[in-house]
Participant: 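Pasting a structure here, questions to come.
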Number of protein chains: 6
Amino acid sequence: MRLLVVNVNTTASVTESIAASARSVAAADTEIIGLTPAIGAESVEGNFESYLAAVAVMNAVVTYEGPFDAVIQAGFGEHGREGLQELLDVPVVDITEAAGHVASLIGHRYSVVTSLDRTVPLIEGRLAQAGLAARCASVRSSGLSVLQLEEDPATAVKAIVREAELAVRDDHAEVICLGCGGMAGLDDAVRSATGVPVVDGVTAAVKLAESLVGLGLSTSKIRTYAPPRRKRVTGWPLPS
Amino acid sequence: MRLLVVNVNTTASVTESIAASARSVAAADTEIIGLTPAIGAESVEGNFESYLAAVAVMNAVVTYEGPFDAVIQAGFGEHGREGLQELLDVPVVDITEAAGHVASLIGHRYSVVTSLDRTVPLIEGRLAQAGLAARCASVRSSGLSVLQLEEDPATAVKAIVREAELAVRDDHAEVICLGCGGMAGLDDAVRSATGVPVVDGVTAAVKLAESLVGLGLSTSKIRTYAPPRRKRVTGWPLPS
Amino acid sequence: MRLLVVNVNTTASVTESIAASARSVAAADTEIIGLTPAIGAESVEGNFESYLAAVAVMNAVVTYEGPFDAVIQAGFGEHGREGLQELLDVPVVDITEAAGHVASLIGHRYSVVTSLDRTVPLIEGRLAQAGLAARCASVRSSGLSVLQLEEDPATAVKAIVREAELAVRDDHAEVICLGCGGMAGLDDAVRSATGVPVVDGVTAAVKLAESLVGLGLSTSKIRTYAPPRRKRVTGWPLPS
Amino acid sequence: MRLLVVNVNTTASVTESIAASARSVAAADTEIIGLTPAIGAESVEGNFESYLAAVAVMNAVVTYEGPFDAVIQAGFGEHGREGLQELLDVPVVDITEAAGHVASLIGHRYSVVTSLDRTVPLIEGRLAQAGLAARCASVRSSGLSVLQLEEDPATAVKAIVREAELAVRDDHAEVICLGCGGMAGLDDAVRSATGVPVVDGVTAAVKLAESLVGLGLSTSKIRTYAPPRRKRVTGWPLPS
Amino acid sequence: MRLLVVNVNTTASVTESIAASARSVAAADTEIIGLTPAIGAESVEGNFESYLAAVAVMNAVVTYEGPFDAVIQAGFGEHGREGLQELLDVPVVDITEAAGHVASLIGHRYSVVTSLDRTVPLIEGRLAQAGLAARCASVRSSGLSVLQLEEDPATAVKAIVREAELAVRDDHAEVICLGCGGMAGLDDAVRSATGVPVVDGVTAAVKLAESLVGLGLSTSKIRTYAPPRRKRVTGWPLPS
Amino acid sequence: MRLLVVNVNTTASVTESIAASARSVAAADTEIIGLTPAIGAESVEGNFESYLAAVAVMNAVVTYEGPFDAVIQAGFGEHGREGLQELLDVPVVDITEAAGHVASLIGHRYSVVTSLDRTVPLIEGRLAQAGLAARCASVRSSGLSVLQLEEDPATAVKAIVREAELAVRDDHAEVICLGCGGMAGLDDAVRSATGVPVVDGVTAAVKLAESLVGLGLSTSKIRTYAPPRRKRVTGWPLPS
């Protein structure tokens, strides 16, 4: 099976680390194809960038020429998954939702630890939209930007662990979700510091995508995610 | 005061009718400037088109060169308002939310009558995201596309009135919101058929935008709608 | 247009300051008429006083002899708006709800800072009843009574600013609503201390009332707010 | 023990039938004292009348000169209970809430069948305010006014039974609450027609009031229901 | 009337103290019969033990040979009440729910103080299932096990009072519910320390059970709590 | 990997069909072990039977002597999953929750079609407890008992398809979940009749259990699902 794992920002090194993380849990016969959008921000940390990413990801997927069996949108808390579901017949899994579903299976309540404070409402909004708010104890911010996570992993780990500990102690979280695509690989550190399971959205999404393909299931086309009606769409796909 | 009223689709005649509707209630010293996005769908009826509209509207506004005091996003149930709020210092009013706020002031519960069934979840989602779900009795679909509303107003009125009557009788709506930018001008017909006040999002948004400007208030910049951080954004603004 | 701005307590100086605040934002052709109830408490800070105010305000309005185009009930968190809506054909705007609606337009979440702690549940209840709870981050009390706000503005400002700062920092409020009719005029101080927009219910209500009149909209009479049925009502209006 | 059972309307015959109903379940040593407000509407069916009733009931209780151990407010869905709780040290039980609590103990979900449609939102609002909405399947209207219930019991029973049957069949109610003080005595007819338990708020309130007295419990005075602060209150108690 | 008060654990001394507490408020003609399950844990503090208790309590009741008029399940936050309601024609009252209902009658919001932290989600879940979450301010843990409460009452009182004080101060609770069958008798200490009413589920349940019997009401048998269908059930009742 | 798939009733043929269904989607290296409880009802259709099943399943698992990597509880809407999570270190997946999670990934809203009407509240309760209510459009009953499904598959398919069609048309479901372990194998019929994806909880649970094992994740032991404390437990495991 071929899984398209699409980054939401334009930084190719992030795409590579996401793809590597995806490969670390993929089944033997699952091929992971990392995709970087041609347009958008080098890191996505707010509504403007997130909406731009939504369109950029759709653009990257519809202009991708190879075959694939499912798509993973690898931005935590970003817009766009519903659009992909309209455009595609194969399953689409968003890493935010994947993390929430998997966390719900292994703990009574979960918290998300993300990068900047300004992304917290976005993540809360996306979890609510996905029907995953009821078991979410909190979304907490480490105060570090996405690129700082890349540049200074040691400081990042410290800040993330600190918020994870507070989530467990004060918000009664029993599972921690890493709330940023760029946090892939930090799960061991957070788990050993807090003593609770840590869910990474990218790896969770790989297993859920494999599950859907294995079950022969894909997006319902009856109403919300029906294919777009035939009509004039100007400037689409976006010029490359 | 100058209000930028931005259509979400690329059909200039719709922009004109929206602008005319806006002008019909604008204060004497309010200038209405209609704006049509350069990219996007000729009518917006689903998630792909709505996300594309979100970016197209932001693009149209940031590339608009004249001065303005507030922006109205004139698509019912569409994405994107939060991005505009990040990009601008002036107030931004979405017509979906304007309709919901005004309807809440004049009735215990309100219903929305929109175009195609597939847009119902989008509208419900946007109302929930705006904190306007508690007083919403229902979102009902007339079964007609946005362009059919344009082409055959007589049939459209009939279908919309039918759903409005059901909303009043079965869902206990006390106010009807016209759930499509293209329905501007149908309020009299729906009001006389149902006996309840009818709210048009475009005119409601004009008065709310004037109100915000009159109160000297604009978007809070402290967290969710802070300006995007300085960073590399590829392909933005979109090539025209 | 003539707006009747009705105080909820019997203190004429409060009515005057409310009316002055209303006039500061009213359109050139809007006349503000302040009205003080003949019965009730000198300040309203609890359920008994609030219910009495509800009836006293209705009594003041139905015995007022001049013409008016809309009514503003100028008590934060008080009962009674629904009764006025039954009795009148013109729009009725409550300042609590006006503040909540306007705050929702300019920030993701808002907090209210009010006077005594005992009024917090009343305000929370009224916001919930109005469908405005979803975006309300918190209702906080400054610990000062309504009359202390009048008597010692310097101390009042300090206490209110303190709670506003905590609302922004701990509750993630992005907008502050002044939760007491007597706080009119404190918005500058709170805004400069917190860096977030401050909404005063009285001025917000003036613009929303003007908006409704401008849109030709008034209370739906189909169900909840239908006029009272003809029947024997003893002791009404209240003897003066 | 002496229970003050206060009618919300000014019709003495209704007070008598309520008191008779209360006596039918009262303990041997419980004395029921019926009280009719001196002001207000002959029947309460909307917000204006309900707010007036709230004040009239408080007025009747504070001017009642004899001793009593608890107060029952005997109007279904009416305002005012919170005010009484501030004014009194003894327990206060509202019949709406009594019905909801008792119904919750004997069925998974309950419905209320009330008089006119316009009172439905009032009852829904009061149940929500009391924290009793989660188990409420529906509030249904028989379409008959309070006084029609008095005048034509046969027709009333038929209309009420009809709605009760629909509540059981369509809304999955397992218990029916009689949603109007004037329905006391109709429980047998509704129970035999529907096969589900029927709760009358007046009798439920008598047993809950006796329970609170028996447990030595009364209203918490720490915050929401603290006694009104000492202040000037004009025109109170209302002139008789 | 005869009330069966069933302990959820196998410790006979706990049953005795529960029964004594029940007797302290029972009416003169109410006989309290304490029942200890033959199987299960010596104290119930988690899901495994709670599910086992649910079955053990049902087993104890169906194998009890004497007559009874109502059953009280005397475990705070435990599973099983719904099963008893299916098996019996007489009313069933769970002490968790009894406490929540009574607390709601005497304060705006209530908190529960329980034993170990791990039981908090169980209690929250049961309150939500019973429709009692809306008025619940918090469920707090004293950190002491059920048996520690028995062994060292002085330390227990101190820890419970501490959490009750925090519930009143930080969570705005106006009533405290003792969240463990073994806390019967601590109400005076908590009340004098906090100044708020204290509700003990066992005594509350006795009065509610007496109320239901007095009203001639019992569990609705129409749907959720219909008797089990006739079928083969292996190993039931459990071998003694 | 070895997955223990535990039936909730005592009917061995149901266990076999569940296990066959599980095997139809299991990975090549996944071994499915069907387990039938020694005690309990021949079919589980209500609270008494469901609580008994909860304990019977735990009993079957703790007395099973072979090794296993995860457990699937194969009863739709039944109690007990939380107890298993306390007793075991390996992941536990309930088929109700598995269906809800998978359905949420492929449609905006899903409905469940189950057997008897009396089980609807149980399923609703379990979905709410699992945080899966927000995306659930409805739980509908086919009116057939579990054993009727076994005995007369043709009639069963017809009744289930009928409710699935109503769920899609009236409740706006976009995905149907088969709400009974005994419905395994009916998915093709329902899918072809309704045109929407059909999720079977058993097969969904197999893929989710494989996913958790593949991710190296299991139940958090920090609070709600910590192992039971060491204490005297009488009569456990249940005598065989």
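Quick note on labels: first sequence line is chain A, next is B, and so on, each numbered from 1.
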Participant: Heavy atoms only: give me the nearest B:Ser220-C:Gly107 pair and the separation to one decimal.
Facilitator: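 Scanning both residues, the minimum pair turns out to be CB-CA, 4.5 Å.
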Participant: Sort C:Val206 into side chain, backbone, both or neither according to what part of it lies under 4.5 angstrom from a heavy atom of chain B.
Facilitator: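 Neither part.
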Participant: Name the region of C:Leu105, side chain, backbone, both or neither, that has any atom closer than 4.5 Å to a heavy atom of chain B.
Facilitator: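 For C:Leu105, heavy atoms of backbone and side chain both lie under 4.5 Å from chain B.
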Participant: Using only atom types and a distance under 3.5 Å, with no angle test, would you say the side chain of B:Arg135 pairs donor to acceptor with the backbone of C:Gln129?
Facilitator: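 It does hold such a pair.
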Participant: Does atom CZ of C:Arg162 have more than 12 heavy-atom neighbours from other groups under 6.0 Å away?
Facilitator: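 Counting other residues, nucleotides and ligands, CZ of C:Arg162 stays at 12 neighbours or fewer.
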Participant: Relative to chain B, which segment of C:Thr194 carries a heavy atom at a distance below 4.5 Å: side chain, backbone, both, or neither?
Facilitator: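 Backbone only.
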Participant: Report which part of B:Ala133 has an atom under 4.5 Å of a heavy atom belonging to chain C: side chain, backbone, both, or neither.
Facilitator: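 The answer is neither part of B:Ala133.
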Participant: What heavy-atom pair brings C:Lys207 and B:Gly214 nearest, and what distance separates the two atoms?
Facilitator: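 Heavy-atom minimum between the residues: CE-CA, 4.4 Å.
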Participant: Are there residues of residues 172-180 of chain B whose heavy atoms fall under 4.5 Å of chain C's heavy atoms? If so, which?
Facilitator: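 B:His172, B:Ala173, B:Glu174, B:Val175, listed by number.
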Participant: Non-hydrogen atoms of chain B under 4.5 Å away: do they reach the side chain of C:Thr203, the backbone, both or neither?
Facilitator: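 Both backbone and side chain.
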Participant: Any idea which heavy atoms bring C:Ile106 and B:Ser218 closest together, and the distance?
Facilitator: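 For C:Ile106 versus B:Ser218, the nearest heavy atoms are CB-O, 3.6 Å.
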Participant: Considering only heavy atoms and a distance below 4.5 Å, find which of C:Ala204, C:Pro91, C:Ala130 pairs most often with chain B.
Facilitator: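 The answer is C:Ala130.
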Participant: How would you list, by chain and number, every residue that makes a side chain to side chain donor-acceptor pair (under 3.5 Å) with B:Ser141, sequence neighbours excluded?
Facilitator: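 With sequence neighbours excluded, B:Ser141 shows a side chain to side chain donor-acceptor pair (under 3.5 Å) to no residue whatsoever.
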Participant: Given the rule in the side-chain contact (heavy atoms from CB on, under 4.5 Å) test, do C:His101 and B:Ser104 qualify, once you have shown the distances and angles that lead to the verdict?
Facilitator: CA-CA 9 Å; C:His101 287 295; B:Ser104 298; 3.6 Å; yes
Participant: Rounded to the nearest 0.5 Å, what's the gap from CG on C:Leu215 to CG on B:Asp200? Could you check?
Facilitator: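 Reported value, rounded in 0.5 Å steps: 9.0 Å.
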